[in-house]
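What follows is a set of notes on a single structure, which appears directly below.
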There are 2 protein chains.
Amino acid sequence: MGISDRKEREKQEMRKLIIGTAMDMFINDGYEKTSIRNIAEKIEYSPATIYLYYKDKDELLYEVQGEAFAELYKAFEKEATSTEPMEKLEQLLHSYVKFGFEHPDLYDLMFILRSPMKAVSEDWPNCDESFDFLIKTITPCMDQLRFSDPGVAALSIWALGHGLISLFIRQRIKVMHLSDEEQRALITNTVDEYLRLIRK
Amino acid sequence: MGISDRKEREKQEMRKLIIGTAMDMFINDGYEKTSIRNIAEKIEYSPATIYLYYKDKDELLYEVQGEAFAELYKAFEKEATSTEPMEKLEQLLHSYVKFGFEHPDLYDLMFILRSPMKAVSEDWPNCDESFDFLIKTITPCMDQLRFSDPGVAALSIWALGHGLISLFIRQRIKVMHLSDEEQRALITNTVDEYLRLIRK
DNA sequence: AAACTTACTAAACGGTGTTTAGAAAATAAA
DNA sequence: TTTATTTTCTAAACACCGTTTAGTAAGTTT
């Protein structure tokens with residue numbers, strides 16, 4: 001049955017077209033400002049067509065989140081490569097913060113946006129993967145870290161990185177009355193001092 | 001002129017009615033799910049009336065943020081009372097996290113929500129106040145802290161607290177597969193270990 | 001009592017996510 | 001090849017949203 005094969009292929013291509021366009025627009029304009037109608041217009045289909053391929057806007061977000069987490073994981077693999085455990089951990093945190101700086105709108109929809117129920121109730125494959133990378137990086141460092149257990153260590157490191165980036169992205173660091181460049185420098189500085197603090 | 005006095009009073013009462021109702025609804029349903037139309041319905045006026053007292057929905061948010069920051073500051077004053085600098089700093093961070101746990105929707109609109117331009121461009125009186133409290137609490141601790149300067153110290157402490165609460169509120173800690181209670185306990189634990197880390 | 005000012009709202013504008021009913025095109029069967 | 005069936009798409013509508021406009025009704029002043 002060659003025809004139904006092609007149809008399946010075309011269906012997958014359409015899904016890719018939609019999700020690719022959605023991702024572009026989420027990155028450029030943010031999730032909230034991107035409407036189903038805008039996406040439809042860009043791909044030259046009617047809005048209703050999108051609903052033949054995705055259940056609702058949340059499902060679009062869910063898919064884009066998946067791709068974004070895959071990108072984060074790739075960044076980890078590329079940038080946290082040291083064979084020395086503590087150095088690898090440092091590279092990992094730097095990589096995380098760098099990702100936030102370079103892809104603020106992706107970071108936003110991954111970690112800040114109110115997540116669709118699907119993402120929090122069912123499991124979240126590509127997110128788990130990145131979190132696993134953190135856990136696996138921490139584990140061999142435990143004897144050199146001033147944390148009581150890996151759970152606390154993971155959450156502490158993640159929370160510090162996330163806190164810095166999300167305060168920056170959502171412009172709350174403005175209360176410190178610093179320029180954009182000064183804010184970035186201070187954040188980098190704060191990361192480095194934190195990494196020094198946690199060492200035994 | 002008694003009449004214009006009364007009119008002014010009535011005007012202020014109307015503003016209070018609107019902002020009070022808005023705050024209630026922001027707390028119960030969140031900012032995004034609360035519509036001008038719903039607020040108008042609850043106070044039994046037409047939606048257009050609200051625009052005679054507030055420029056737009058952002059201005060409502062701005063005002064509620066102000067009140068929320070005032071509440072946070074009150075919490076600080078009540079709970080961070082020690083005369084011993086380091087102990088006061090610990091009380092402050094605990095107070096911050098407690099505020100987040102107890103008023104998640106207020107915390108959300110203060111620190112997580114995309115803030116209206118007014119809040120970030122002009123100054124933000126009640127937010128400055130709370131941030132000042134942090135700076136003033138940190139300053140006398142500097143000789144006992146493992147930070148190079150107060151700016152880094154302030155941002156580090158804030159980012160850790162904010163990171164924990166915002167990951168919790170936006171349900172990202174779910175990747176750790178813990179119950180709500182376990183998550184809260186882990187957060188408290190992480191705060192305590194952090195406070196231990198930063199001590200000289 | 002008439003003129004003026006203030007307080008309010010009905011209705012509309014242009015936007016949103018989403019659903020429905022029906023048209024058009026592609027495929028299968030005759 | 002023509003008819004029947006399935007698949008693919010969209011126009012239009014529904015129920016919301018924030019906001020503006022134009023006009024009504026009430027209160028105040030002259």
Side-chain angles (χ1 to χ4, degrees), chain A residues 1-19 21-23 25-26 28-65 109 113-119, chain B residues 1-19 21-23 25-26 28-65 109 113-119:
Chain A
M1 258 299 178
I3 286 175
S4 65
D5 282 3
R6 173 176 55 79
K7 289 233 162 158
E8 181 56 30
R9 227 182 312 128
E10 282 172 353
K11 198 162 197 164
Q12 289 310 316
E13 268 168 37
M14 186 63 162
R15 284 178 66 96
K16 263 214 143 164
L17 176 63
I18 293 169
I19 216 66
T21 308
M23 189 161 184
M25 296 180 75
F26 289 172
N28 290 324
D29 312 326
Y31 174 75
E32 331 252 35
K33 282 183 186 162
T34 304
S35 69
I36 299 281
R37 284 171 156 90
N38 296 154
I39 298 171
E41 196 177 4
K42 183 159 271 178
I43 63 175
E44 298 178 292
Y45 280 86
S46 102
T49 301
I50 292 177
Y51 287 89
L52 300 174
Y53 295 88
Y54 291 96
K55 193 177 125 278
D56 53 25
K57 204 187 170 189
D58 271 1
E59 201 166 295
L60 247 46
L61 172 59
Y62 180 69
E63 293 274 304
V64 172
Q65 276 179 336
L109 65 84
L113 221 67
R114 240 176 256 287
S115 44
M117 274 308 103
K118 196 171 182 179
Chain B
M1 259 298 177
I3 286 175
S4 64
D5 282 5
R6 172 176 57 80
K7 291 233 162 157
E8 181 56 30
R9 228 181 311 127
E10 282 172 352
K11 199 162 197 164
Q12 290 310 318
E13 268 168 37
M14 187 63 162
R15 282 179 68 94
K16 265 215 141 162
L17 176 63
I18 294 169
I19 217 65
T21 308
M23 190 160 183
M25 296 180 75
F26 289 172
N28 289 324
D29 312 328
Y31 173 75
E32 332 252 36
K33 281 183 187 162
T34 304
S35 69
I36 299 281
R37 285 171 152 91
N38 295 155
I39 298 171
E41 196 178 4
K42 183 159 272 178
I43 62 175
E44 298 178 291
Y45 281 87
S46 103
T49 302
I50 290 177
Y51 287 89
L52 301 174
Y53 295 88
Y54 291 96
K55 191 177 127 277
D56 53 25
K57 204 187 171 188
D58 271 0
E59 201 165 297
L60 247 45
L61 173 58
Y62 181 68
E63 292 272 303
V64 172
Q65 276 179 335
L109 64 86
L113 222 67
R114 243 175 255 287
S115 45
M117 275 307 103
K118 196 172 183 178

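Computed from a predicted structure; not experimentally measured. Proteins come first, then strands; the chains are lettered A, B, ... in the order of their sequence lines, and each starts at number 1.
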Tabulate atom names and distances for all N/O pairs under 3.5 angstrom spanning the protein and nucleotides 4-8 of chain C.
| residue | atom | partner | partner atom | Å |
| --- | --- | --- | --- | --- |
| C/dC8 | OP2 | B/Tyr53 | OH | 2.6 |

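Rounded to whole Å, the distance from NZ on A/Lys33 to P on C/dG17 is 14 Å. Spacing between atom CG of B/Asp29 and atom C1' of D/dC17 amounts to 15 Å, rounded to whole angstrom units. Rounded to whole angstrom, the span from the CD atom of B/Glu32 across to the C1' atom of C/dT16 amounts to 14 Å. In this structure, A/Glu41 places its CD atom 13 Å from C1' of C/dG15, rounding to the nearest Å. D/dG18 atom P lies 10 Å from atom CG of B/Leu60, rounded to whole Å.
Side-chain N/O atoms of B/Asn38 include none lying less than 4.0 angstrom from OP1 or OP2 on D/dC16.
Rounding to the nearest 0.5 Å places CZ of B/Arg114 at 9.0 Å from CD of B/Glu32. Summarising the geometry, atom CZ belonging to A/Arg15 is positioned 15.0 Å from atom CD belonging to A/Glu10; distances are rounded to the nearest 0.5 Å. To the nearest 0.5 Å, atom CG of residue B/Asn28 and atom NZ of residue B/Lys33 are 12.0 Å apart. Atom CD1 of B/Ile39 and atom OG1 of B/Thr49 lie 12.5 Å apart (nearest 0.5 Å). Residue A/Lys16 holds its NZ atom at 15.5 Å from OH of A/Tyr53, rounded to the nearest 0.5 Å. Remark: A/Tyr31 OH to A/Leu61 CG distance equals 5.0 Å, nearest 0.5 Å.
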Checklist line | Under 4.0 Å protein heavy-atom contacts per nucleotide of nucleotides 19-25 of chain D, with B for base, S for backbone only and - for none | finding: BBB----

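End-to-end axis angle for the helix from C/dA1-D/dT30 to C/dA30-D/dT1, using five pairs per end and rounding to 10°, comes out at 30°.
Looking at A/Ile36 and A/Tyr51, their side chains come closer than 4.5 Å, going by heavy atoms from C-beta outward.
Listed here is the closest heavy atom pair of B/Thr21 and B/Leu17: OG1-O, 2.6 Å. Of all heavy-atom pairs between B/Thr34 and B/Gly30, the closest is OG1-O, 2.7 Å.
Within a 6.0 Å sphere centred on CD of B/Glu44, heavy atoms belonging to other residues, nucleotides or ligands number 12 at most. Residue B/Glu41 qualifies as open at atom CD: its count of foreign heavy atoms under 6.0 Å is 12 or below.
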